[in-house]
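Computed from a predicted structure; not experimentally measured. Remember, it's 1-based here, ligands and their atoms both numbered in the order they're listed.
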Amino acid sequence: ARAQIGVTGLAVMGSNIARNFARHGHTVALHNRSIAKTDALLAAHGDDGDFVRTETIEEFVGALQKPRRVLIMVKAGDATDAVIEELADAMEPGDIIIDGGNALYTDTIRREAALRERGLHFVGAGISGGEEGALNGPSIMPGGPKESYAALGPLLESISAHVDGTPCCTHIGPDGSGHFVKMVHNGIEYADMQLIGEAYNLFRDALGFDADQVADVFTEWNGGELESYLVEITAEVLRQKDAKTGKALVDVVVDAAEQKGTGRWTVKSALDLGVPVTGIAEAVFARALSGSREQRKAAQGLASGALGAKPTDVAQFTEDIRRALYASKIVAYAQGFDQIRAGSDEYGWDLTPGDMATIWRGGCIIRARFLNRIKEAYDTNPDLTSLIVEPYFREAIENAIDSWRRVVVTATTLGIPVPAFASSLSYYDGLRAERLPAALTQGQRDFFGAHTYERVDMPGKFHTLWSGDRSEIEA
Ligand code: NBP
């Protein structure tokens, strides 16, 4: 046995990760359910490094040095369970199975517990960066037993992206925490993409920009505090021309956004944890609305009401949008980090939020200059209550607040939907409010359900005898 790592599942992600391992000098055992993919990979890229071709699971496991390390890159769900079962039967106590697919973290918790019983280490590893990242350096979020990281970490770190010499890979925490964190990463990605989409929409419908003009703005923004992979590729997508019509590609693509589910998972989990991830939720719902083709068709021509005037100071409004985007983005990340902390508390994972900021700086889809600021914030104060109260972000939002309000007001008066900009601003206003209408909600709940309330001036739980003499009793 001579391979340091095995990869099973050689579709686009698995092939590229296998090549990445090989290019870093590791001997890689290859396996795929249908042998054609294994052979296609070897034919096209066999000279990337040292590969061991295998056909059966037994042959595959037999090719690996101990403790054996196998990375599964198959379709998430039942396929993963089927592959784990086959592998577990062929492996020995102390061996490590890594699931690099987009598994639901609760599946990972279940799988880790089952394999632990059999003496095997199971590591659910979130991998972000798409095809390109898989080949040239992804961001990797491995969970699972800490002991397994000693044998696995150096291998994963060697193929991950690096920023300032630091690998974009670290042990996240036990059992399903790696996939949980990857899920929240994808949720933040949804919010970020939606916010960028809303900015684009404003340029198009409030300022009348064409795609090239918006591309120029995004290119310029990518030189400042908004610098990020998503802003960079936005400019590229907007600049792309359609060969068939000569129009901007974005103008011939159907405006119905699809989703594979990780955004939805993030929101479901946030609902269970009671964390208000309003930016992510609005992003998921905005995709759903865009895909509601019947309803959208039926709603064409509905009244807009009196529309306000379009902004006349183009430079000012452009800067307003930039600031609104930055502030809303801070809120989306603050909410995502809140969810990570809540998940950590719920499952007893003892996660270090600053780790996420560190490993998301490179390789992954949400890589962005301002993650350095988030990292610094958590370095200074690991127990940060909320990112938005940390001095750097507080100041950034305070600089943006007037612009942010103007953008939401202008969009509203022009009838342009900005669900993520508006809900992020409401979240900010909600958090900073001295008094929320929740006191009234408590009164209503006590009225119809005797659910009790607390008082601002004394401890304890109280109930008003609503159907009696309306006096108050201590509950
Ligand atoms: P796919 O998600 O399209 O899965 C294809 C692979 O799964 C093939 O190797 C296929 O084998 C194998 N497979 C299936 Br389907 N059912 C199987 C079964 N019952 N037993 C054994 N193997 C089975 O591949 P992908 O797009 O490369 O993604 C791989 C994983 O990485 C997924 O979990 C995905 O969510 C995750 N991911 C993808 C991206 C991305 O940008 N695409 C990014 C991050 C994470 P076959 O060749 O024999 O059909």
Side-chain angles (χ1 to χ4, degrees), residues 6-21 28-45 53-61 70-90 97-108 111 122-143 156 159-161 168-169 176 178-190 193 229-230 233 258-266 359-360 362-367:
V7 179
T8 181
L10 299 174
V12 22
M13 288 294 288
S15 306
N16 281 357
I17 289 195
R19 293 175 60 199
N20 190 347
F21 277 120
V28 188
L30 300 175
H31 179 268
N32 194 67
R33 178 177 61 176
S34 47
I35 295 150
K37 277 206 181 73
T38 313
D39 287 334
L41 169 59
L42 285 168
H45 305 288
R53 176 186 182 278
T54 72
E55 297 194 2
T56 64
I57 283 281
E58 291 69 27
E59 215 188 319
F60 177 56
V61 168
V70 170
L71 174 63
I72 304 176
M73 289 305 297
V74 303
K75 196 168 154 58
D78 294 344
T80 307
D81 280 314
V83 175
I84 290 173
E85 204 44 50
E86 266 192 277
L87 280 170
D89 286 343
I97 298 177
I98 310 122
D99 174 17
N102 265 334
L104 181 60
Y105 73 95
T106 45
D107 285 342
T108 304
R111 289 166 181 151
F122 183 72
V123 174
I127 301 182
S128 177
E131 286 176 44
E132 199 271 337
L135 182 62
N136 297 317
S139 176
I140 310 179
M141 295 149 250
L156 296 182
I159 65 153
S160 76
C168 295
C169 171
H179 276 136
F180 178 85
V181 159
K182 169 62 164 47
M183 174 189 78
V184 176
H185 163 286
N186 283 29
I188 293 174
E189 175 185 312
Y190 271 61
M193 290 170 69
Y229 173 72
L230 283 170
I233 66 162
E258 297 181 358
Q259 46 184 318
K260 278 191 168 172
T262 46
R264 190 165 52 229
W265 291 349
T266 313
I359 64 170
W360 290 347
C364 66
I365 304 295
I366 64 171
R367 60 185 184 259

**Request:** May I ask you to identify the nearest protein heavy atom to atom 36 (C) of ligand 1, giving residue, atom name and distance to one decimal place in Å?
**Result:** N102 N, 3.7 Å
**Message:** As a test of the contact definition, would atom 27 (O) of ligand 1 count as having a protein heavy-atom neighbour under 4.0 Å?
**Reply:** yes
**Request:** Identify, for atom 5 (C) of ligand 1, the protein heavy atom at the shortest distance, and state residue, atom and that distance.
**Result:** A11 CB, 3.7 Å
**Request:** Note the single closest protein heavy atom to atom 47 (O) of ligand 1, along with its residue, its atom name and the distance in Å.
**Result:** K37 NZ, 2.5 Å
**Asked** By number and element, which atoms of ligand 1 are closer than 4.0 Å to a non-hydrogen atom of A76?
**Response** 33 (O)
**Request:** Measure the distance from atom 43 (C) of ligand 1 to every protein heavy atom, then report the residue, atom name and distance (to 0.1 Å) of the closest one.
**Result:** M13 CE, 3.5 Å
**Complete:** the protein heavy atom lying closest to atom 21 (C) of ligand 1 turns out to be V83 CG2, 3.4 Å
**N20 side chain vs I159 backbone, donor-acceptor pair below 3.5 Å** = yes
**Request:** Mind running salt bridge (Lys or Arg N to Asp or Glu O under 4.0 Å) on E258 and K260 for me, showing each step along the way?
**Result:** CA-CA 7 Å; E258 297 181 358; K260 278 191 168 172; over 6 Å; no
**Message:** Is the shortest side-chain heavy-atom distance between L104 and W265 below 4.5 Å?
**Reply:** yes
**Complete:** shortest atom 29 (C) of ligand 1-to-protein heavy-atom contact is with M73 O, 3.5 Å
**Message:** Can you tell me which residue among T38, T54, N32, V7 is in a side-chain contact (heavy atoms from CB on, under 4.5 Å) with F60?
**Reply:** T54
**Prompt:** Closest non-hydrogen protein atom to atom 46 (P) of ligand 1, residue and atom name please, with distance?
**Reply:** S34 OG, 3.4 Å
**Request:** Verify the ring-centre separation between Y105 and H179: is it less than 6.0 angstrom?
**Result:** no
**Message:** Is any side-chain heavy atom of S15 closer than 4.5 Å to one of M73?
**Reply:** no
**Request:** Give the residue and atom name of whichever protein heavy atom lies nearest to atom 41 (O) of ligand 1, and the separation in Å to one decimal.
**Result:** G130 CA, 3.5 Å
**Request:** Could you check which of V74, I127, N32 puts a non-hydrogen atom nearest to atom 22 (N) of ligand 1?
**Result:** V74
**Message:** My understanding is that we take every heavy atom of each candidate and find the minimum distance to atom 7 (O) of ligand 1. Doing that for K75, R33, K260, which one comes out nearest?
**Reply:** K75
**Fill in**
Test side-chain hydrogen bond (donor to acceptor under 3.5 Å, both in side chains), reference R111, set D81, T106, T80, output is D81
**Asked** Roughly how far apart are T108 OG1 and K182 NZ, rounded to 0.5 Å?
**Response** 11.5 Å
**Prompt:** What part of L10, side chain, backbone, both or neither, has a heavy atom within less than 4.0 angstrom of ligand 1?
**Reply:** backbone
